[in-house]
Amino acid sequence: MLLAYAMTFSGLFMALEITKINKYMSRFLAFVPLFFLFVLIGFNRMSRDYTAYEYAFISLPFRQTLESGYVFLIETVSRFGGSHDTIVFFTAVLFLFILIKLLGTSSYINLVVFCYCAYPLMYDITQTRNFLMYLLVTVSLFFAASKKPIKHYVTLIIASTMHTLAFIYLPFYFLCKFSNKRFVRVMIYTTVALFVVSPWTIEILKIIFPAKMLSYLPKKPGLGILINYISTFADIFTVWWVYKRVEDKLSESDSKLMLVFYRFVWYPLLALPFAHYFLEVARVQRNSLLVKYIFVAMAMKYLAVKQRIFVVLLLSATIIFYFLTLDYVGNWDLVEYLDYNSLKYFFDGYSFF
C-alpha cells in the first residue's frame, strides 16, 4: 500500500530528524516519502467525490452549481483536453510546491510528511475543492506575515471561488494585528459570544447562502460535537506548548511567519459554536492541520531533544485520536481509496509497489 510506504519511510527518517540532522540531509531523506505522497495525491483515481467531480466535466447544469473559480478551472482544463485527473495532478503539484516553500528553513520535513499522511490526507484526496481552497488560504498566510493585506485578501477571494468556506477566514488578518495576549483573549471572548448568538447566525446564513450550503443542518452530530471540541483543543494545546518554549528563541526570519501559523491553529476555535448545527464545520479545524504540522516542524530546531520527543508523542496521540474519530463516523473507506492509484496499477506486479 502506497500510504504504508510513505508513512514507513517518513517515520523512520523522522526518528533521525529528532537527533537534529541538518536541513540538507532532511531534504535528501525526504525525497522518497515526498515522492510517495505526491503519487498518492496526484495519481489518485477514486474517492467518495471522484465521480461527482468527473460528472462536472460533462454536465453543465451540475457544473454551474459549483463555485465560479472551480468552474473556470474545469472549463480551462477541458479546453486543453484534460479531465478531473488533470486537476488532481495539478493539485498535487501545488501542494508539493507550497509544502517545500513553507518548510524552507526547517530540518523536519519527514515529520510533516508522516503526520499529514496519517491525517488529513485521506480527506484532502476526497474533497478536491476544499483542498485547493485551503492551500490558497495557506499561501495567504505568507502575505499576512509580511503585512501585505491586499495580496492576502486577493488570495482569500480567489480561494473562495474554489470553495465558499474561505470566507470564514476573512477576519483573520485583522486578528493578527493584536498582541499575542490580546489575540488569545479576543479569541476566547468571541467564541463565547458566538455560542450566544449562533442560533440567530444560523438563521441569517440560511438566507444568505443557497440551501445546498446548509444541507448538513438537519443532521444531528451527537458525539461528533465532543470529538470536534477535543480535536480543536488538542491542536491549540500543542501549538501553545511549543510556542511557549520557543517564543524567545526564534530568529527574526522565523518569528513573524510562525506567529501567524500559531494564530491560524487557534482560529478553528471560532467555528466550535456552530458544530451543534452542522458538523461539517469541523473541516475548519482539519484545514489547519497542515499549518500545525509545519509550525511544529519549524519550531523543532529550537527545542531540546527531550522536548522534541515529547512533541512527537503529543502529535502521535492526536493522530491516534483522529483515527478513533474515523472509526466513530464510519469513514474508514477514505483510507481504502488511497490505494486507488493509476501509477500503482501501472506498476502492479512489481514487488516495489
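None of the values given here were measured: they were computed from a predicted structure.
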Can you sort out the partners of [X] under ring pair (Phe, Tyr, Trp, His ring centres under 6.0 Å), two or more places apart, ordered by chain and number?
{"X": "F321", "result": "none"}
{"X": "F233", "result": "none"}
{"X": "F178", "result": "F174"}
{"X": "Y189", "result": "none"}

Quiz prompt | Cationic N near anionic O, under 4.0 Å, R286 to D124 | solution =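 Between D124 and R286 there is no salt bridge, as every charged N stays at least 4.0 Å from the carboxylate O atoms.
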
Which pairs with one or both residues in [range] pass salt bridge (charged side-chain N to carboxylate O under 4.0 Å, His left out), sequence neighbours excluded?
{"range": "residues 182-200", "result": "none"}
{"range": "residues 78-90", "result": "R45-D85"}
{"range": "residues 152-169", "result": "none"}

[X]: partners by side chain to side chain donor-acceptor pair (under 3.5 Å), with sequence neighbours left out:
{"X": "W240", "result": "none"}
{"X": "Y53", "result": "none"}
{"X": "R63", "result": "none"}

Quiz item: Looking at N130, N287, N331, which hits side chain to side chain donor-acceptor pair (under 3.5 Å) with Y123?
Solution: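 The single option meeting the side chain to side chain donor-acceptor pair (under 3.5 Å) with Y123 is N331.
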
Restricting to non-hydrogen atoms, name the atom on [X] and the atom on [Y] that form the minimum distance, rounded to 0.1 Å.
{"X": "A6", "Y": "C117", "value": "CB-SG, 3.9 Å"}
{"X": "S231", "Y": "Q285", "value": "CB-NE2, 3.7 Å"}
{"X": "V88", "Y": "G42", "value": "CG1-O, 3.7 Å"}
{"X": "F172", "Y": "V260", "value": "CZ-O, 3.5 Å"}
{"X": "I109", "Y": "L34", "value": "CG2-CD1, 4.3 Å"}
{"X": "M133", "Y": "A159", "value": "CG-O, 3.5 Å"}

With distance as the sole test, does [X] use its side chain to make a donor-acceptor pair with the main-chain N or O of [Y] at under 3.5 Å?
{"X": "T19", "Y": "L16", "value": "yes"}
{"X": "E67", "Y": "S160", "value": "no"}
{"X": "E17", "Y": "L111", "value": "yes"}
{"X": "S59", "Y": "A56", "value": "no"}
{"X": "D235", "Y": "K292", "value": "no"}
{"X": "E75", "Y": "F72", "value": "no"}
{"X": "S255", "Y": "S251", "value": "no"}

Between [X] and [Y], is there shared hydrophobic-cluster membership here, with clusters defined by ILVMFWY side-chain heavy atoms closer than 4.5 Å?
{"X": "L313", "Y": "I18", "result": "yes"}
{"X": "W200", "Y": "I168", "result": "yes"}
{"X": "L194", "Y": "V192", "result": "no"}

Assert yes or no for the condition that the ring centre distance of [X] to [Y] is strictly below 6.0 Å.
{"X": "F323", "Y": "W332", "result": "yes"}
{"X": "F38", "Y": "F89", "result": "yes"}
{"X": "F131", "Y": "Y134", "result": "yes"}

Self-check item: Straight-line distance of L96 CG to F35 CZ, nearest 0.5 Å
Solution: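 The CG atom of L96 sits 11.5 Å away from the CZ atom of F35.
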
Quiz item: Can you tell if the side chain of L3 reaches within under 4.5 Å of the side chain of D339, non-hydrogen atoms only?
Solution: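 The answer is no; the side chains never approach within 4.5 Å.
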
Quiz item: If we only count heavy atoms from C-beta on, is the F195 to T190 side-chain gap below 4.5 Å?
Solution: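 No; the side chains remain at least 4.5 Å from each other.
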
Quiz item: Testing Y50, Y70, F90 for ring-ring contact (aromatic ring centres under 6.0 Å, His included) with H84, which one passes?
Solution: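 For H84, the ring-ring contact (aromatic ring centres under 6.0 Å, His included) check succeeds only for Y50.
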
Quiz prompt | Qualifying ring-ring contact (aromatic ring centres under 6.0 Å, His included) pairs with a residue from residues 290-310, counting only residues at least two apart or across chains | solution =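 Pairs touching residues 290-310 that pass the test: W241-F310.
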
Name the atoms and distances for all side-chain donor-acceptor pairs under 3.5 Å in residues 147-158, with sequence neighbours left out.
| residue | atom | partner | partner atom | Å |
| --- | --- | --- | --- | --- |
| H152 | ND1 | S140 | O | 2.8 |
| Y153 | OH | L170 | O | 3.4 |
| T155 | OG1 | K151 | O | 2.7 |

Self-check item: Sole candidate of V296, L250, V265 that passes side-chain contact (heavy atoms from CB on, under 4.5 Å) when paired with Y243
Solution: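 Only one of V296, L250, V265 forms a side-chain contact (heavy atoms from CB on, under 4.5 Å) with Y243, namely L250.
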
